[in-house]
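In what follows, a single structure is set out as C-alpha cells and then discussed.
Fair warning: this is a prediction, and the values are worked out from it, not measured in the lab.
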Amino acid sequence: MRFLIAALAAIFVGSAGAADQALWEQSTLNQIVKRGELRVGLEAGYMPFEMRDKKGDIIGFDVDLARLMARYMGVKLTLVNTQWDGIIPALLTDKFDVLMSGMTITLERNLRVNFADPYVVIGQTALLNKKIEAQVKSYKDLNDPKYTIATKLGTTGEIAAKKFMPNAKIKQYETEAECALEVRNGRADAFVYDLPYNAVYVAQNKDAVAILREPFTKEPLGWAVRKGDPDFLNWLNNFLTQVKSDGSYDALYGKWFEGTAWLPNITGQ
C-alpha cells in the first residue's frame, strides 16, 4: 500500500509539473522573451501618461515605465498606438502583450482582463471654462441643466459625469483633446476627466480654463493582461515592487507629474 501511495503521489506531482510547464510555455512572458520584443498597447493622448512630442514620438510616464520593463526583460520595446474604444479587444486578440495606458481598474473591465497591482491612484476632476470659475466651487454645482459637460467615450470620467451630474447635459467625444478644446472654446462648460490630464492642460491654458483640483473619486490605475496568465501577472507585480523600492518609480513620477520640463516639447505647445 505504501508503494502504491508513493507511486500515485509521484504520478500526481509529475502531472502537476507537466501542467505547470505547459502553462509557462503558453505564457505571454515566455513568448516575449522568445520573440525578443515587448509589445505595449496604449493610446497616445493622455498627458502625462502617453502623448506625442513635436517629433511625433510617443513619450510619457507609461512609456518610460515600459522602456524600463523591456530593459529588465532584455528585449526591445514596441509601442502599439490604439484607439481607446478598441484597446481591450486589441489586447484580447494579441495585437500587443500588455495594456499600459492609464486604465482605471473597474470590476466590469476585470471581467474581460486581469490587472496587475495598481501603479498609481488618481481621481476625477472637472476642467472648467473661465467664465464659470467664480460660480462653480464644487462638482455638485455642475449638476444643473444649464451646464454642458464634455466626456470622453468609454472612460470612468463619462461614468462619473453621468453618476454625479445627471441633470447636466452630457456630450461625448472620441478624445481628451476634443473635450478640452470644447471647454476652452466655450462650447462646453466643463470636462470631467482624470486629475493629471486636467492639471497639465490648465498649466498650458491658464488664460482660458480653470480646474476643480480636488478629485471627487478615487481610482486605481493598472496594467491589463489577458486572462489565464499567472506567470506574466506575477512578473509585472514583482517589477512594480522592484522599481518602487529602488527609486526608479519615484524618479519617473517626479519627472512627469511634478516637473514641467517636458511641456514645451509636446505637440501644439
Answer yes or no: does atom [atom1] of [X] have more than 12 heavy-atom neighbours from other residues, nucleotides or ligands under 6.0 Å?
X      : atom1 : answer
Lys34  : NZ    : yes
Lys169 : NZ    : no
Gln135 : CD    : yes

Any side-chain donor-acceptor pair under 3.5 Å between [X] and [Y]?
X      : Y      : answer
Asp62  : Tyr46  : no
Gln124 : Asp194 : yes
Lys54  : Asn265 : no

Below 4.0 angstrom, N of the basic side chain to O of the carboxylate: do [X] and [Y] qualify?
X      : Y      : answer
Glu178 : Arg187 : no
Asp117 : Lys244 : no
Asp207 : Lys130 : no

Next on the checklist: Quick check on side chain to side chain contact (heavy atoms under 4.5 Å, CB included): which of Thr78, Thr28, Leu91 does Phe96 satisfy it with?
Outcome noted: Leu91
Checklist entry - Phe49 pairs by ring-ring contact (aromatic ring centres under 6.0 Å, His included) with which of Tyr253, Phe257, Tyr197? => result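 One option only clears the test, and that one is Phe257.
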Next on the checklist: Are Tyr119 and Phe239, when compared by the centres of their aromatic rings, separated by less than 6.0 Å?
Outcome noted: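 Ring centres of Phe239 and Tyr119 not closer than 6.0 Å.
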Checklist entry - With the 4.5 Å side-chain cut-off for hydrophobic clustering, are Val243 and Leu38 part of the same group? => result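 In one cluster with Val243: Leu38, yes.
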